[in-house]
2 protein chains.
Amino acid sequence: MIKTNDKDNFPVNIWLVEDNSSYRKSLASVINSTPGMISSNTFSTCERALKAMETEPFPDVILLDIGLPGMSGIKAIQKFKSYSYDIHIVILTIYDDNDSVFNALCEGASGYLLKDSTQDKIVDSIKEVLAGGAPLNMHIAQKVLQLFAKLNSKKVDYELTEREKEILQHLVSGLTKQQIADKLFLSFHTVNTHIKNIYKKLQVTTKAAVISKAYKENLFRPKE
Amino acid sequence: MIKTNDKDNFPVNIWLVEDNSSYRKSLASVINSTPGMISSNTFSTCERALKAMETEPFPDVILLDIGLPGMSGIKAIQKFKSYSYDIHIVILTIYDDNDSVFNALCEGASGYLLKDSTQDKIVDSIKEVLAGGAPLNMHIAQKVLQLFAKLNSKKVDYELTEREKEILQHLVSGLTKQQIADKLFLSFHTVNTHIKNIYKKLQVTTKAAVISKAYKENLFRPKE
DNA sequence: AAGGAAATCGCATGTTCGTGGTATTTTTCA
DNA sequence: TGAAAAATACCACGAACATGCGATTTCCTT
C-alpha cells in the first residue's frame, strides 16, 4: 500500500539538494509557504545531505539536482533509498539528457522534472509523488516509453526452425554442446550441426556472439 | 525529428476504436467540436479499423480501447504501427492492469489513459502526443518507473576491479581473449589472468555463462 | 617504510569450440 | 506422391578456451 501523509498531523517533510543557492532558497520559501509542507533541510551537496540522514529524521521527499559538484545525484539516489525505501526522490535537472534520465530512473527516482517548471508545478509534483504518482516531464515520459518499447522490440526474424530456437535457448543459458545433446537426447554431432546452422543464420562465428546477439535482440522469451 | 501537425492546414485526424457506442459517440463529438481536430472514423473493433487502414488515409492518432472483443488492442498496436510508425496510439482502459499496461507500452503505445479521465483531459492528451509527449495516468507512470527500476536493478556487487569490468565489457561484446589483449595493448596472458579472476568472482566456468550472467544482472552499462 | 591489492606477464595441459565435409531419415506440403 | 525442408548423425583438425601453477611491477594506504 502506498503511504500518504495527507491525513497525518505532521506536515510533509521535504529536503532540497541543489547547489544554486538562489534557486534553492526560492524553492524552500515556496514549499514553506505551502500548507502541509515543510522544507526542513536544504543542502548544496549530496555528501552533506547524506550526512544529515544519519542524524535528522528522514524526509518524505527529496528534490535532487542531478548536475551537482562532487557526488552525482544519480549515485546519491541509491544511498538515500538505502536509508528508507519510502523516501521519494524527485529529480531536478536543467536539460533532459538521455543517459541521466535513464540512469536516474533506473536507480529508483520517483519523478523527473525540468528546472524550468514553474514552482507551482513542482509543488504539484510533490503532491503527486505522495499520492503514489510519478511526475514526469512530457518529453521525458516519451523517452521512457521509447526505451521501453525498444527493450522489447523484436526487430529481425532470422527464420530459425523450432529445433534451432530450442537449442539457442540452451546455448544462451550457458550449456555446452555436449550438455545440450544430453538434455535433448541427441547426439553431440546433431547439436553441433544445428549450432552450425544457427551461426549461419545469425551471421556469427562464436558462441559468445550468439549469446550477446540473443540478449540484445530479444531472440528468445525469458521464462521466469 | 518529431512531426507535429500544429502548423499544417489539415486538421489532426483521429480514429476511435471502442466498443461502447455511447462512449464512442460522446468522445467523437468532443473531438469534432475541438478546433483543429477531426474524428474521421470510429470503429467498434480492431478488425474493422485495420481494414480501414487499407483504404482510408492514415490517422494521426488512434484512441484505442484495450479491452475489446475479438482482437485485443495490444495485438492491434503492432499492426497499426506497421502501416506507419508515425501513427500515435493512445490506450484507453477502465482499469490499470499491470500486465496490459506493460504489454501495450512494449508494443509501442504513445500513452495510456484511464477512461475515467475527463474528456478535456483526453483532448489535452492528444495534443500532448502530437507535441512529442507521452500522456500517462499518474499511477501508471509510477508503475512504469517501478518496472523500469526493477529491470535495471543491480542486485549483487561482485567487487570487480575497474580493469576487470573493462575486460568484462569486451568479453560480453563478443571479443576473444586475443582480441581483447590487442585492443587494450596487453599480453594474452594478462587478459587470461583477469578473465580467470572474473570467473572466480562471478562463480562461473565458461565464457557463455559470463555473458549470460552479465546480461541478466546488468553488470555493465550500455553505452548508447 | 611496509604491506597489500591490483595489474602485469609467463607456461603447460587438457577440454571445448568452429568448420570443412558427407549422409540418412523423417516431416511437410504443394 | 514426390520433392523440399528439417532433423538426425558422423569425422577430423586447428583454434580458442579453462585452469593449474608461479612471478614481477605498480600503486595505494596506513
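Sequence lines set the chain letters: A, B, ... in the order given, protein chains first and strands last, and positions in each chain run from 1. Fair warning: this is a prediction, and the values are worked out from it, not measured in the lab. Only this structure's heavy atoms are used, side chains among them; waters, hydrogens and symmetry mates stay out.
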So if I take every side-chain heavy atom of A/R163 and compare against D/dT8, D/dA18, C/dA7, which nucleotide ends up nearest? D/dT8
Classify the nucleic acid contact of B/K196 as base, sugar-phosphate or nothing, counting any heavy atom under 4.0 Å across all strands shown. base
Could you tell me how far apart A/H194 (NE2) and D/dA9 (P) are, to the nearest whole angstrom? 8 Å
Distance in angstrom units between B/I180 CD1 and C/dT8 P, rounded: 13 Å
Spatial distance of atom CD1 (A/I14) from atom CD1 (A/I31) [nearest 0.5 Å]: 4.5 Å
Output for pair (B/L186 CG, B/I167 CD1), nearest 0.5 Å, gives 6.5 Å
With heavy atoms under 4.0 Å as the rule, sort A/I195 into base, sugar-phosphate or nothing. nothing
Short side-chain N/O contact to D/dT19 OP1/OP2 from B/Y199, under 4.0 Å: no
OP1 or OP2 of C/dT8 under 4.0 Å from side-chain N/O of B/T190: no
Write down the distance between CG (A/L175) and P (C/dT16), rounded to a whole number of angstrom. 13 Å
B/L186 CG - D/dT25 P separation (whole Å): 17 Å
Considering just the side-chain nitrogens and oxygens of B/H189, establish if one lies under 4.0 Å of OP1 or OP2 belonging to C/dT8. no
With a 4.0 Å cut-off on heavy atoms, is B/N192 in touch with a base, just the backbone sugar-phosphate, or nothing at all? base
CG of B/L136 to CE of A/M138, rounded to nearest 0.5 Å, is 12.0 Å
Does A/K200 or A/F188 map to a spot on DNA chain C nearer the 5' end, using the closest nucleotide for each? A/F188
Starting at atom CD of A/Q179, determine the distance to atom P of D/dA18, rounded to an integer number of angstrom. 13 Å
Whole Å only: how far is the NZ atom of B/K201 from the C1' atom of C/dA6? 9 Å
Hey, is the side chain of B/K177 poking within less than 4.0 Å of OP1 or OP2 on D/dA16, counting only N and O atoms? no
Report the distance from atom CG of A/L168 to atom P of D/dA6, rounded to the nearest whole Å. 16 Å
Has A/T161 got a side-chain N or O lying under 4.0 Å from the OP1 or OP2 atom of D/dA7? yes
When rounded to whole Å, the CD to P distance for the pair B/E162 and C/dA7 reads 8 Å
So, for A/V129 and A/P135, which heavy atoms are closest and what is the spacing to 0.1 Å? CG2-CD, 3.3 Å
Checking side chain to side chain donor-acceptor pair (under 3.5 Å) between B/Y158 and each of B/K200, B/Q203, B/E217, which is the one that passes? B/E217
Determine the contact category for B/T193: base if any of its heavy atoms lies under 4.0 Å from a base atom, sugar-phosphate if only primed atoms, P, OP1 or OP2 are that close, otherwise nothing. base
Give a yes/no on whether any side-chain N or O of A/S187 is located under 4.0 angstrom from OP1 or OP2 of D/dT8. no
Candidates C/dG18, C/dC9, D/dA9 - which lies nearest the side chain of A/K207: C/dG18
What I want to find out is whether B/K201 reaches B/E164 closely enough, with some N-O distance under 4.0 Å, to be called a salt bridge. yes
